[in-house]
Amino acid sequence: MNLMEVKMKFGILGTGIVGRTLAVKLVELGHAVTIGTRSPEKTLAKTEPDRFGGPPFNVWLKQNPKVKLGTFAEAAAQGEVLICATSGLTSLDVLKSAGEANINGKVLMDISNPLDYSKGFLALSVSNTDSLGEQLQRAFPQVKVVKTLNTVNALVMVSPQKLANGDHSIFVSGNDAGAKAAVTEILRSFGWKDVIDLGDISTARAAEMILPIWVNLRSQYKTPWVNIKVVR
Ligand SMILES: NC(=O)c1ccc[n+]([C@@H]2O[C@H](COP(=O)([O-])OP(=O)(O)OC[C@H]3O[C@@H](n4cnc5c(N)ncnc54)[C@H](OP(=O)(O)O)[C@@H]3O)[C@@H](O)[C@H]2O)c1
(Lines give C-alpha, C1' and ligand atoms only; values in the text may rest on other atoms or scores of the structure.)
Protein backbone atom coordinates (compact mmCIF):
# COMPACT_ATOMS: atom_id res chain seq x y z
CA MET A 1 0.00 0.00 0.00
CA ASN A 2 1.39 3.40 -0.93
CA LEU A 3 -0.50 5.81 1.29
CA MET A 4 0.70 8.73 -0.79
CA GLU A 5 -1.54 7.39 -3.58
CA VAL A 6 -4.28 5.33 -1.91
CA LYS A 7 -7.01 7.32 -0.20
CA MET A 8 -8.62 5.58 2.73
CA LYS A 9 -11.37 5.96 5.28
CA PHE A 10 -10.20 6.48 8.85
CA GLY A 11 -12.32 6.14 11.98
CA ILE A 12 -10.75 8.03 14.87
CA LEU A 13 -12.03 7.19 18.34
CA GLY A 14 -11.39 10.26 20.48
CA THR A 15 -12.06 13.99 20.21
CA GLY A 16 -9.06 15.21 22.23
CA ILE A 17 -5.95 16.87 20.85
CA VAL A 18 -4.62 13.57 19.47
CA GLY A 19 -7.83 12.72 17.60
CA ARG A 20 -8.14 16.26 16.25
CA THR A 21 -4.49 16.56 15.19
CA LEU A 22 -4.54 13.24 13.35
CA ALA A 23 -7.86 14.11 11.72
CA VAL A 24 -6.45 17.35 10.30
CA LYS A 25 -3.35 15.59 8.97
CA LEU A 26 -5.28 12.71 7.40
CA VAL A 27 -7.72 15.08 5.68
CA GLU A 28 -4.77 17.14 4.44
CA LEU A 29 -3.40 13.91 2.92
CA GLY A 30 -6.72 13.36 1.13
CA HIS A 31 -8.24 10.67 3.36
CA ALA A 32 -11.82 10.59 4.65
CA VAL A 33 -12.13 10.92 8.43
CA THR A 34 -14.95 10.28 10.87
CA ILE A 35 -14.14 11.18 14.45
CA GLY A 36 -16.03 9.40 17.23
CA THR A 37 -17.27 10.54 20.62
CA ARG A 38 -19.64 9.24 23.31
CA SER A 39 -22.34 11.72 22.41
CA PRO A 40 -22.07 13.98 19.34
CA GLU A 41 -24.77 16.24 20.82
CA LYS A 42 -22.92 16.74 24.11
CA THR A 43 -19.57 17.18 22.36
CA LEU A 44 -21.03 19.82 20.02
CA ALA A 45 -22.71 21.61 22.93
CA LYS A 46 -19.42 22.19 24.78
CA THR A 47 -18.46 25.85 24.94
CA GLU A 48 -15.31 25.72 27.04
CA PRO A 49 -11.80 25.41 25.47
CA ASP A 50 -10.30 21.92 25.40
CA ARG A 51 -7.70 20.69 27.95
CA PHE A 52 -4.87 22.37 26.07
CA GLY A 53 -6.63 25.69 25.47
CA GLY A 54 -7.80 24.78 21.96
CA PRO A 55 -11.25 25.83 20.76
CA PRO A 56 -14.42 24.00 21.79
CA PHE A 57 -15.11 21.03 19.52
CA ASN A 58 -17.90 22.70 17.53
CA VAL A 59 -15.61 25.63 16.65
CA TRP A 60 -12.83 23.23 15.67
CA LEU A 61 -15.26 21.22 13.51
CA LYS A 62 -16.36 24.36 11.65
CA GLN A 63 -12.68 25.06 10.96
CA ASN A 64 -12.31 21.51 9.63
CA PRO A 65 -15.52 20.91 7.67
CA LYS A 66 -14.25 17.78 5.90
CA VAL A 67 -14.12 15.88 9.21
CA LYS A 68 -17.34 14.03 10.06
CA LEU A 69 -18.49 13.55 13.65
CA GLY A 70 -20.32 10.47 14.92
CA THR A 71 -20.62 8.12 17.84
CA PHE A 72 -17.76 5.75 18.56
CA ALA A 73 -19.77 3.04 16.74
CA GLU A 74 -20.41 5.24 13.71
CA ALA A 75 -16.75 6.28 13.44
CA ALA A 76 -15.64 2.65 13.74
CA ALA A 77 -18.16 1.51 11.13
CA GLN A 78 -16.99 4.18 8.66
CA GLY A 79 -13.27 3.52 9.13
CA GLU A 80 -11.23 1.04 7.13
CA VAL A 81 -8.37 1.84 9.51
CA LEU A 82 -9.18 2.76 13.11
CA ILE A 83 -7.29 4.94 15.57
CA CYS A 84 -7.71 4.63 19.33
CA ALA A 85 -7.12 8.11 20.77
CA THR A 86 -9.13 7.91 23.95
CA SER A 87 -8.07 8.41 27.51
CA GLY A 88 -6.28 5.14 28.28
CA LEU A 89 -8.41 3.97 31.17
CA THR A 90 -11.46 4.12 28.92
CA SER A 91 -10.02 2.56 25.74
CA LEU A 92 -11.43 -0.91 26.43
CA ASP A 93 -14.91 0.46 27.12
CA VAL A 94 -14.76 2.69 24.06
CA LEU A 95 -13.92 -0.27 21.82
CA LYS A 96 -16.77 -2.24 23.40
CA SER A 97 -19.17 0.59 22.68
CA ALA A 98 -17.82 0.84 19.12
CA GLY A 99 -19.13 -2.70 18.64
CA GLU A 100 -17.23 -5.82 17.57
CA ALA A 101 -19.02 -5.92 14.21
CA ASN A 102 -17.58 -2.48 13.43
CA ILE A 103 -14.00 -3.20 14.51
CA ASN A 104 -13.29 -6.88 13.82
CA GLY A 105 -10.80 -7.57 11.05
CA LYS A 106 -9.60 -3.95 10.98
CA VAL A 107 -6.23 -2.40 11.78
CA LEU A 108 -6.39 -0.39 15.01
CA MET A 109 -3.60 2.10 15.68
CA ASP A 110 -3.59 2.30 19.46
CA ILE A 111 -2.10 5.59 20.61
CA SER A 112 -3.62 5.58 24.07
CA ASN A 113 -1.48 5.54 27.21
CA PRO A 114 -2.65 3.79 30.40
CA LEU A 115 -2.31 6.88 32.57
CA ASP A 116 -4.13 6.61 35.89
CA TYR A 117 -4.31 10.08 37.39
CA SER A 118 -6.07 8.73 40.50
CA LYS A 119 -2.77 7.07 41.54
CA GLY A 120 -0.85 10.33 41.41
CA PHE A 121 1.21 12.00 38.72
CA LEU A 122 2.33 9.68 35.96
CA ALA A 123 1.15 6.34 37.30
CA LEU A 124 0.48 3.66 34.68
CA SER A 125 -2.53 1.45 35.35
CA VAL A 126 -0.71 -1.49 33.76
CA SER A 127 3.03 -2.09 33.17
CA ASN A 128 5.98 -4.50 33.42
CA THR A 129 4.10 -7.75 32.79
CA ASP A 130 1.22 -6.45 30.67
CA SER A 131 0.20 -3.37 28.70
CA LEU A 132 -2.87 -1.56 27.47
CA GLY A 133 -2.03 -2.64 23.92
CA GLU A 134 -2.11 -6.28 25.00
CA GLN A 135 -5.32 -5.78 26.98
CA LEU A 136 -7.01 -4.42 23.85
CA GLN A 137 -5.64 -7.25 21.70
CA ARG A 138 -6.80 -9.92 24.20
CA ALA A 139 -10.26 -8.38 24.51
CA PHE A 140 -10.65 -8.10 20.71
CA PRO A 141 -8.64 -10.95 19.17
CA GLN A 142 -9.99 -10.28 15.68
CA VAL A 143 -8.78 -6.67 15.69
CA LYS A 144 -5.25 -6.07 14.39
CA VAL A 145 -3.90 -3.87 17.18
CA VAL A 146 -0.74 -1.89 16.44
CA LYS A 147 0.63 0.21 19.27
CA THR A 148 2.28 3.32 17.90
CA LEU A 149 2.76 7.10 18.28
CA ASN A 150 2.03 6.98 22.03
CA THR A 151 5.64 8.01 22.70
CA VAL A 152 5.42 11.50 21.20
CA ASN A 153 3.34 14.65 21.50
CA ALA A 154 0.34 15.03 19.19
CA LEU A 155 1.97 17.65 16.96
CA VAL A 156 5.15 15.60 16.65
CA MET A 157 3.03 12.59 15.59
CA VAL A 158 2.04 14.31 12.36
CA SER A 159 5.02 16.66 11.91
CA PRO A 160 8.13 14.65 12.84
CA GLN A 161 10.24 16.72 10.45
CA LYS A 162 9.76 19.74 12.72
CA LEU A 163 12.16 18.07 15.17
CA ALA A 164 15.73 17.39 14.02
CA ASN A 165 14.54 17.24 10.39
CA GLY A 166 12.65 14.05 11.23
CA ASP A 167 15.84 12.30 12.32
CA HIS A 168 14.33 10.54 15.35
CA SER A 169 12.48 7.31 16.01
CA ILE A 170 8.98 5.94 16.31
CA PHE A 171 7.87 2.41 17.21
CA VAL A 172 5.28 -0.11 16.09
CA SER A 173 4.24 -3.17 18.13
CA GLY A 174 1.74 -5.77 16.99
CA ASN A 175 1.08 -9.41 16.15
CA ASP A 176 0.03 -8.94 12.53
CA ALA A 177 2.87 -8.23 10.08
CA GLY A 178 0.50 -6.86 7.43
CA ALA A 179 -1.08 -4.47 9.91
CA LYS A 180 2.34 -3.22 11.01
CA ALA A 181 3.34 -2.73 7.37
CA ALA A 182 0.17 -0.72 6.72
CA VAL A 183 0.74 1.42 9.82
CA THR A 184 4.36 1.95 8.82
CA GLU A 185 3.14 3.32 5.47
CA ILE A 186 0.78 5.67 7.29
CA LEU A 187 3.63 6.85 9.52
CA ARG A 188 5.87 7.40 6.51
CA SER A 189 3.13 9.48 4.90
CA PHE A 190 3.26 11.68 8.04
CA GLY A 191 7.01 12.13 7.50
CA TRP A 192 8.46 9.46 9.81
CA LYS A 193 11.73 8.07 8.45
CA ASP A 194 12.88 5.79 11.28
CA VAL A 195 9.99 3.44 12.06
CA ILE A 196 11.17 0.63 14.34
CA ASP A 197 9.25 -2.65 14.52
CA LEU A 198 9.71 -3.66 18.17
CA GLY A 199 7.99 -7.03 17.74
CA ASP A 200 4.67 -8.52 18.80
CA ILE A 201 2.06 -6.71 20.87
CA SER A 202 3.83 -7.60 24.14
CA THR A 203 6.46 -5.01 23.14
CA ALA A 204 3.79 -2.36 23.73
CA ARG A 205 4.89 -2.69 27.39
CA ALA A 206 8.17 -1.01 26.53
CA ALA A 207 6.52 1.63 24.35
CA GLU A 208 4.08 2.50 27.12
CA MET A 209 6.83 2.56 29.77
CA ILE A 210 8.72 5.21 27.77
CA LEU A 211 6.23 7.72 29.16
CA PRO A 212 8.13 8.50 32.40
CA ILE A 213 11.33 9.44 30.59
CA TRP A 214 9.33 11.43 28.04
CA VAL A 215 7.79 13.45 30.86
CA ASN A 216 11.22 14.03 32.39
CA LEU A 217 12.56 15.22 29.04
CA ARG A 218 9.60 17.56 28.63
CA SER A 219 10.34 19.07 32.05
CA GLN A 220 14.06 19.31 31.37
CA TYR A 221 13.67 21.07 28.02
CA LYS A 222 10.37 22.85 28.84
CA THR A 223 8.73 21.71 25.62
CA PRO A 224 6.56 18.74 24.64
CA TRP A 225 8.44 18.64 21.33
CA VAL A 226 11.04 16.10 22.37
CA ASN A 227 11.66 12.56 21.21
CA ILE A 228 14.09 9.67 21.30
CA LYS A 229 16.50 8.85 18.48
CA VAL A 230 17.75 5.27 18.36
CA VAL A 231 21.37 5.19 17.19
CA ARG A 232 22.67 1.90 15.82
N1 LIG B 1 -1.88 14.56 24.25
C2 LIG B 1 -0.84 14.05 23.64
O3 LIG B 1 -0.03 14.77 23.01
C4 LIG B 1 -0.64 12.55 23.66
C5 LIG B 1 0.56 12.02 23.19
C6 LIG B 1 0.72 10.62 23.16
C7 LIG B 1 -0.32 9.81 23.60
N8 LIG B 1 -1.47 10.38 24.08
C9 LIG B 1 -2.56 9.49 24.50
O10 LIG B 1 -3.58 9.60 23.51
C11 LIG B 1 -4.86 9.45 24.11
C12 LIG B 1 -5.71 10.67 23.76
O13 LIG B 1 -5.18 11.81 24.37
P14 LIG B 1 -5.90 13.25 24.23
O15 LIG B 1 -5.10 14.18 25.06
O16 LIG B 1 -6.14 13.53 22.81
O17 LIG B 1 -7.35 13.03 24.79
P18 LIG B 1 -7.93 12.58 26.23
O19 LIG B 1 -8.46 13.78 26.90
O20 LIG B 1 -6.95 11.73 26.96
O21 LIG B 1 -9.14 11.64 25.75
C22 LIG B 1 -10.21 12.20 25.05
C23 LIG B 1 -11.17 11.13 24.62
O24 LIG B 1 -11.42 10.18 25.65
C25 LIG B 1 -12.82 9.97 25.75
N26 LIG B 1 -13.23 9.64 27.12
C27 LIG B 1 -12.87 10.28 28.26
N28 LIG B 1 -13.52 9.72 29.32
C29 LIG B 1 -14.29 8.74 28.82
C30 LIG B 1 -15.16 7.78 29.41
N31 LIG B 1 -15.39 7.74 30.73
N32 LIG B 1 -15.77 6.90 28.60
C33 LIG B 1 -15.55 6.93 27.26
N34 LIG B 1 -14.72 7.79 26.64
C35 LIG B 1 -14.10 8.67 27.42
C36 LIG B 1 -13.43 11.29 25.36
O37 LIG B 1 -14.76 11.03 24.90
P38 LIG B 1 -15.76 12.22 24.49
O39 LIG B 1 -15.37 12.60 23.11
O40 LIG B 1 -17.08 11.60 24.59
O41 LIG B 1 -15.54 13.33 25.48
C42 LIG B 1 -12.51 11.77 24.26
O43 LIG B 1 -12.94 11.33 23.00
C44 LIG B 1 -4.61 9.30 25.62
O45 LIG B 1 -4.63 7.95 25.96
C46 LIG B 1 -3.22 9.89 25.81
O47 LIG B 1 -2.55 9.32 26.91
C48 LIG B 1 -1.64 11.72 24.13
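Each ligand, and each atom within it, is numbered from 1 in the order the structure gives. Below, each value reflects all heavy atoms present in this structure, side chains not excepted, and no hydrogens, waters or symmetry copies.
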Could you pull out, from [options], the option with a heavy atom nearest to [atom]?
{"atom": "atom 42 (C) of ligand 1", "options": "Thr15, Leu211, Ile12", "answer": "Thr15"}
{"atom": "atom 23 (C) of ligand 1", "options": "Leu13, Thr86, Thr43", "answer": "Thr86"}
{"atom": "atom 41 (O) of ligand 1", "options": "Glu208, Arg38, Arg51", "answer": "Arg38"}
{"atom": "atom 47 (O) of ligand 1", "options": "Asn113, Asp110, Thr71", "answer": "Asn113"}
{"atom": "atom 5 (C) of ligand 1", "options": "Leu92, Val152, Val94, Leu115", "answer": "Val152"}

Query raised in the report: Under a heavy-atom criterion of less than 4.0 Å, does Lys46 contact ligand 1?
Result: yes
Query raised in the report: Can a non-hydrogen atom of Met157 be found less than 4.0 Å from any atom of ligand 1?
Result: yes
Closest approach of any protein heavy atom to [atom], naming residue and atom:
{"atom": "atom 48 (C) of ligand 1", "result": "Val18 CG2, 3.3 Å"}
{"atom": "atom 24 (O) of ligand 1", "result": "Ser87 N, 3.2 Å"}
{"atom": "atom 9 (C) of ligand 1", "result": "Ile111 O, 3.5 Å"}
{"atom": "atom 12 (C) of ligand 1", "result": "Ala85 O, 3.3 Å"}
{"atom": "atom 38 (P) of ligand 1", "result": "Thr37 OG1, 3.3 Å"}
{"atom": "atom 3 (O) of ligand 1", "result": "Ala154 N, 3.0 Å"}
{"atom": "atom 17 (O) of ligand 1", "result": "Gly16 CA, 3.8 Å"}

Does the side chain of [Y] come within less than 4.5 Å of [X]'s, by heavy atoms?
{"X": "Leu22", "Y": "Ile111", "answer": "yes"}
{"X": "Phe190", "Y": "Leu29", "answer": "yes"}
{"X": "Thr184", "Y": "Val172", "answer": "yes"}
{"X": "Leu44", "Y": "Thr37", "answer": "no"}
{"X": "Asn64", "Y": "Val33", "answer": "no"}
{"X": "Ile228", "Y": "Thr151", "answer": "no"}

Query raised in the report: Between the side chain of Asp50 and the main-chain N/O of Ile17, is any donor-acceptor distance below 3.5 Å?
Result: no
**Report entry** Ser97 side-chain N/O to Val94 backbone N/O, donor-acceptor pair under 3.5 Å
**Finding:** yes
Report task. Could you tell me whether the side chains of Thr15 and Thr43 share a donor-acceptor contact shorter than 3.5 Å? Result -> no
Query - Exercise: do Ser91 and Thr86 side chains pair donor with acceptor under 3.5 Å - result: yes
Query raised in the report: How does Lys42 reach ligand 1, by side chain, by backbone, by both or by neither, if only non-hydrogen atoms under 4.0 Å count?
Result: neither
With atoms numbered from 1 as shown, which atoms in ligand 1 lie under 4.0 angstrom from a non-hydrogen atom of [X]?
{"X": "Asn153", "value": "3 (O)"}
{"X": "Ser112", "value": "45 (O)"}
{"X": "Gly14", "value": "43 (O)"}

**Report entry** Closest non-hydrogen atom pair, His168 against Ala164
**Finding:** CD2-CB, 4.4 Å
Requested in this report: Quick one: pull up CE in Met8 and CD in Glu185 and give me the separation to the nearest 0.5 Å.
Outcome: 11.0 Å
**Report entry** Test of proximity, Ile17 against ligand 1: N or O pairs below 3.5 Å
**Finding:** yes
